[in-house]
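Note that this is a predicted model, so its numbers are computed, not measured.
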Amino acid sequence: MKKAISKDDDYLDDDRPSKTQKKQAMLDLQDIGSRLVELSIGQAKSLNLPEDLLAAILDYHRFPKHEAQRRQLQYIGKIMRKVDPEPIEASLIALKGESAAEISRMHRLEDLRVRFLSNEKVIDEILGLWPQTDVSYMRQLRRNALKEQEQNKPPKSFRLIFKTFKALEKGDLPSEAMADDLEKSEDLD
């Protein structure tokens, strides 16, 4: 005769995850893996991932076909089962936050460049932000950028203004290479 199953039986009280919970955990790990493969190679390398996981991510980028990438993503999920996913997930969140901050910073510098090109008096604001700014250098860059726009030339000085702002924000003075670029663009006039 079969024994009736009661709620008091020991084997029902196991804390083992169900098959559905295991599958969901694997899908969650695979999801983290898919977020990892969306990163650039440089970003993935900066996360300090285990070597086998990083190699699998780099391999994913080599595969051209959808099916091969799908299988590689499953493999990444398998590797993720052996790794603690919490630090990786925390790194992904931090990286996304840094990216948002970086995008905001770039927009702010871009806005400053546009305002500087439209009005030379913005140089006072630039000096307020970065007192070490070479005013004559910036004015020359502005003149060259406006001349390039007027003559439909490539925006070399326009880009150089942005590079200069980035260097100033990092606390660097514009490099000699940037000054050389400015002189070369003046020679072409």
Same hydrophobic cluster for [X] and [Y], using side-chain heavy-atom links shorter than 4.5 Å among ILVMFWY?
X      : Y      : result
Ile79  : Leu29  : yes
Leu39  : Met80  : yes
Leu160 : Leu129 : yes

Which pairs, with at least one residue in residues 37-92 and sequence neighbours excluded, count as a ring-ring contact (aromatic ring centres under 6.0 Å, His included)? none
Any pair counted as ring-ring contact (aromatic ring centres under 6.0 Å, His included), so long as it reaches residues 151-170, sequence neighbours left out: Trp130-Phe165
May I have all residue pairs that pass side chain to side chain donor-acceptor pair (under 3.5 Å) and include part of residues 104-113, sequence neighbours excluded? Glu102-Arg105, Arg105-Glu169, Arg108-Glu169, Glu110-Arg113, Asp111-Arg115
Just by distance, with hydrogens left out, do Ser46 and Asn48 show a side-chain donor and acceptor under 3.5 Å apart? no
Close side-chain approach of [X] and [Y], heavy atoms under 4.5 Å:
X      : Y      : value
Leu53  : Ile88  : yes
Gln149 : Leu146 : yes
Lys156 : Glu148 : yes
Arg70  : Lys65  : no
Leu36  : Leu47  : yes

Go through the structure and list residues passing side-chain hydrogen bond (donor to acceptor under 3.5 Å, both in side chains) with Glu86, not counting sequence neighbours. none
Any donor-acceptor pair under 3.5 Å linking the side chain of Glu125 with the backbone of Val122? no
Sidechain-backbone polar pair: Ser40 side chain, Gln43 backbone, donor-acceptor under 3.5 Å: yes
Between [X] and [Y], which heavy-atom pair has the shortest distance, and what is it?
X      : Y      : value
Val83  : Pro50  : CG2-CG, 4.0 Å
Ala145 : Leu117 : CB-CD2, 3.7 Å
Ser157 : Leu141 : CB-O, 3.7 Å
Ala44  : Leu49  : O-CD1, 3.7 Å

Any salt bridge (charged side-chain N to carboxylate O under 4.0 Å, His left out) pairs touching [range], not counting sequence neighbours?
range          : answer
residues 39-61 : Asp59-Arg62
residues 20-32 : Asp31-Arg35
residues 71-85 : Glu67-Arg71

Can you list the residues that meet the side-chain contact (heavy atoms from CB on, under 4.5 Å) rule with Ile123, with sequence neighbours excluded? Phe116, Ile126, Val135, Met138, Arg139
By side-chain contact (heavy atoms from CB on, under 4.5 Å) - contacts of Ser18 (at least two apart): Thr20, Gln21
Inter-residue atom distance Thr133.OG1 - Leu127.CG, 0.5 Å rounding: 5.5 Å
Distance col, row Gln132:CD vs Leu168:CG, nearest 0.5 angstrom, shows 5.5 Å
